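Below, read A as the first sequence line, B as the second, and so on, with proteins coming before strands; counting in each chain starts at 1. Computed from a prediction, not measured in an experiment: that's the story for all the values here.
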There are 2 protein chains.
Amino acid sequence: MKGVSARTIAAAAGVNQALVFYHFGSVDDLLTAACTMHTRARVAAYSAEFARVTSLRQLLDVGRKLQVAERELGNVSILAQLLAAAQGDPKLGASVAAALQLWVDEIESVLRRLLTGSPFAEVADLGGLAKAVSAAFVGIELYAGVDAEGSQHAMGALEQLAVLVEVVDDLGPISRRALNAKINRAVRTR
Amino acid sequence: MKGVSARTIAAAAGVNQALVFYHFGSVDDLLTAACTMHTRARVAAYSAEFARVTSLRQLLDVGRKLQVAERELGNVSILAQLLAAAQGDPKLGASVAAALQLWVDEIESVLRRLLTGSPFAEVADLGGLAKAVSAAFVGIELYAGVDAEGSQHAMGALEQLAVLVEVVDDLGPISRRALNAKINRAVRTR
DNA sequence: GTCTATAGTAGGATAGAC
DNA sequence: GTCTATCCTACTATAGAC
């Protein structure tokens, strides 16, 4: 990881470099520990906000806010580097996956709350959808790092998708039943 | 970048380490050049397949295939590391963004072809949607590196979203006009 | 627990022979 | 254009004083 070393970490903490190894054994172990602790803290900081969400678009608004905040804190680059490093490192991969899962769980519970009774929920795998949303979010965060304006458009498009789902949820019983049947047929014929 | 150095690159190419600097000036410059060339080649290799796509689900199938192939070639980790490295490096960022844009353009042209005349297309920003799809795809690729099974579910969820859009597209003229009005109203009231 | 000092390693980059 | 040889830097990790 470029710019992340026992030395830079220790300097940021105002302590000696050797302490990294005394307390954590290795830089990687420190990173996995930090990743877990930090994510737990961030998820906790946002859980009240997630709980207040009452529509898909509000969920996206929280996501937007989160993205800006994380970027200002410089956490996006860290997440990216961790994910990248984790690609070829099963041990680091496990702890990054566990950290991501904290976000996924939060999002899944919101989706479950919002979409219960929706025609979409009857055929959708909400766990998978939460994972997809989280992954998309990570992707857009990374994208924002290389094309800020483009990432705004991407977020806007997600919002339009959310509108689509909400509108479908808002249909009257007749069109809704028709839609339901079509969705079921379409999914089944795969 | 872990494991990527002038020495390892030169070794893989069966040449001397000093040549990296002779031909490219620096490792970073080599990387940006390789990123651009490689992406161009991959996009070209898949463009025929993109052209044959006639539904959103087929588009996702191409994506799935692409993901497996890229992972087997070890390109996912490279993309991830490039994106991560690009977060704090404007120059590298520009070339990674340009490479990503090649995929985005391809996807946007498919979306434009598939969704023309759809109620969704009338309100959707297809450029933004293409970016969102690409970003989501990158996110899922990275996610697959730390949780293979979870990423399958995420892809499945995207497919269900695609079904939703397709089903809406397939509605009769009456329900469709109603839906259209609702979408327009929902988008306008933002 | 925290420090200094240091061994050992990997990598970026250049000079100069061929 | 390609090689060898080399310098310099930054890093991980450990040993041992305090």
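- Put simply, CG on B:Leu31 is 14 Å from C1' on C:dG11, counting in whole angstrom units.
- For residues 99-110 of chain A, every residue pair satisfying the salt bridge (charged side-chain N to carboxylate O under 4.0 Å, His left out) rule, not counting sequence neighbours, is listed here: A:Glu108-A:Arg112.
- The distance from atom CG of B:Asn16 to atom P of C:dG12 is 14 Å, rounded to the nearest whole Å.
- Near DNA chain C, meaning a heavy atom under 4.0 Å away, the residues from residues 18-26 of chain A are A:Ala18, A:Leu19, A:Tyr22, A:His23.
- For C:dA10, neither phosphate oxygen OP1 nor OP2 lies less than 4.0 angstrom from any side-chain nitrogen or oxygen of B:Ser5.
- Ranking C:dC3, D:dC11, C:dG11 by closeness to the B:Arg7 side chain, first place goes to C:dG11.
- A donor-acceptor contact shorter than 3.5 Å links the side chain of B:Arg113 to the backbone of B:Val53.
- If B:Gln17 and A:Val27 are placed on DNA chain D by their nearest nucleotide, the residue sitting closer to the 5' end is B:Gln17.
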Between B:Leu100 and B:Leu83, does a side chain to side chain contact (heavy atoms under 4.5 Å, CB included) hold up when you go through it step by step? CA-CA 10 Å; B:Leu100 263 180; B:Leu83 217 39; 4.3 Å; yes

Dump the intermediate steps for side chain to side chain contact (heavy atoms under 4.5 Å, CB included) on A:Gln160 and B:Asp125, then the final yes or no. CA-CA 8 Å; A:Gln160 290 157 351; B:Asp125 164 16; 4.0 Å; yes

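- For A:Glu166 (side chain) and A:Arg57 (main-chain N/O), a donor-acceptor pair under 3.5 Å exists by modelled atom type.
- Sorted by first then second residue, the salt bridge (charged side-chain N to carboxylate O under 4.0 Å, His left out) pairs that include residues 27-43 of chain B, not counting sequence neighbours, are B:Asp29-B:Lys91, B:Arg42-B:Glu70.
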